[in-house]
Amino acid sequence: MQEFLIHPEFTLTLIWKNNLIEKTLLQPADSGTTSCMKTSPRPSRALGNLYRHYLNREPLHPEIPLAWKNMPPFRARVLRTLFWLVPWGRIMTYSGLAAMAGNPGAARAVGTAMACNPWPVIIPCHRVIRADRGLGGFSCGTELKKKLLALEDIIL
DNA sequence: TCAGTGACTATAG
DNA sequence: ACTATAGCCACTG
């Protein structure tokens, strides 16, 4: 089952399987979209939560049902750490996140973990930047990363 | 087991 | 500020 969050800057698709969010798909808004947000009909609790996250910065609920099965251990630790430690409007470096996840030297592996993040936006990998304040990479395009950060009043 | 890979980083020109 | 480079680590085939 799929459902959508339509935002002026992006569309987020939640892909559900066995009552768990298997992954999210993120794509930049195509030109000429609406100026307000909307969701697909009968949104799940998680989607409602995401809607209000972008509407009025409501924190994401810690129990969003994500399908963690088969995630390699370090990547899971990194993603969980990111979810818990970096809320709306905050940023973290790859190396900082590596340290918080318990392995200070693993900045590069954190980058790989971000690249493999199955749940962009829910797990806020757009809030992870380089130690030199550079933007770093983004699977869905660095332009979108910049816009997501701008929504949170973060300018690099 | 091991070589290859990459959303990194510190350092040197 | 930019480029090159060597070191770094978890994960993969």
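In what follows, chains are A, B, ... by sequence order, proteins preceding strands, each numbered from 1. The shown structure was predicted, so the numbers you read here are calculated from the model rather than taken from an experiment. Hydrogens, waters and symmetry mates play no part in the numbers below; they use all other heavy atoms, side chains included.
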Engineer: Examine the side chains of A/Ser44 and A/Glu3 and answer whether a donor and an acceptor come within less than 3.5 Å of each other.
Structural biologist: yes
Engineer: Identify each atom pair where a protein N or O and an N or O of nucleotides 11-13 of chain C are less than 3.5 Å apart, giving names and distance.
Structural biologist:
{"from": "C/dC11", "atom 1": "OP1", "to": "A/Phe74", "atom 2": "N", "distance (Å)": "2.9"}
{"from": "C/dC11", "atom 1": "OP1", "to": "A/Arg75", "atom 2": "N", "distance (Å)": "3.1"}

Engineer: When A/His126 is tested against each of A/Leu135, A/Leu148, A/Leu151 for side chain to side chain contact (heavy atoms under 4.5 Å, CB included), which residue passes?
Structural biologist: A/Leu148
Engineer: Looking at every heavy atom in both A/Gly136 and A/Tyr94, which two are closest together, and how far apart are they?
Structural biologist: CA-OH, 3.9 Å
Engineer: Has A/Met37 got more than 12 heavy atoms of other residues, nucleotides or ligands less than 6.0 Å from its CE?
Structural biologist: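 Atom CE in A/Met37 is crowded, with more than 12 foreign heavy atoms closer than 6.0 Å.
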Engineer: Quick test of your reading: applying ring-ring contact (aromatic ring centres under 6.0 Å, His included), list the pairs with at least one residue in residues 103-124 of chain A, sequence neighbours left out, ordered by first then second residue.
Structural biologist: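 Of all non-adjacent pairs touching residues 103-124 of chain A, those that pass ring-ring contact (aromatic ring centres under 6.0 Å, His included) are A/Trp68-A/Trp119.
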Engineer: Show me, pair by pair, the donor-acceptor contacts under 3.5 angstrom made by side chains of residues 69-76 of chain A, not counting sequence neighbours?
Structural biologist:
none

Engineer: Grab the CZ-C1' distance between A/Arg108 and B/dA10 for me, whole Å please.
Structural biologist: 13 Å
Engineer: Looking at every strand, decide which applies to A/Ala115 at a 4.0 Å heavy-atom threshold: base, sugar-phosphate, or nothing.
Structural biologist: base
Engineer: What residues, two or more places apart in sequence or in another chain, satisfy side chain to side chain contact (heavy atoms under 4.5 Å, CB included) together with A/Glu63?
Structural biologist: A/His61
Engineer: Is there a donor-acceptor contact under 3.5 Å from the side chain of A/Asn117 to the main chain of A/Leu79?
Structural biologist: no
Engineer: Taking DNA chain B as the partner, which of residues 85-103 of chain A come within under 4.0 angstrom of it by heavy atom?
Structural biologist: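 Result for residues 85-103 of chain A: A/Tyr94, A/Ser95, sorted by number.
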Engineer: If you count heavy atoms of other groups shown closer than 6.0 angstrom to CG of A/Asp132, is the number above 12?
Structural biologist: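 More than 12 within 6.0 Å, yes.
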Engineer: I'd like to know if A/Arg90 and A/Glu152 make a salt bridge, using a cut-off of under 4.0 Å between side-chain N and carboxylate O.
Structural biologist: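 Salt bridge absent between A/Arg90 and A/Glu152.
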Engineer: Which residues within residues 123-156 of chain A lie with some heavy atom under 4.0 Å of an atom in DNA chain C?
Structural biologist: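 None - not one residue of the stretch has a heavy atom sitting under 4.0 Å from the strand.
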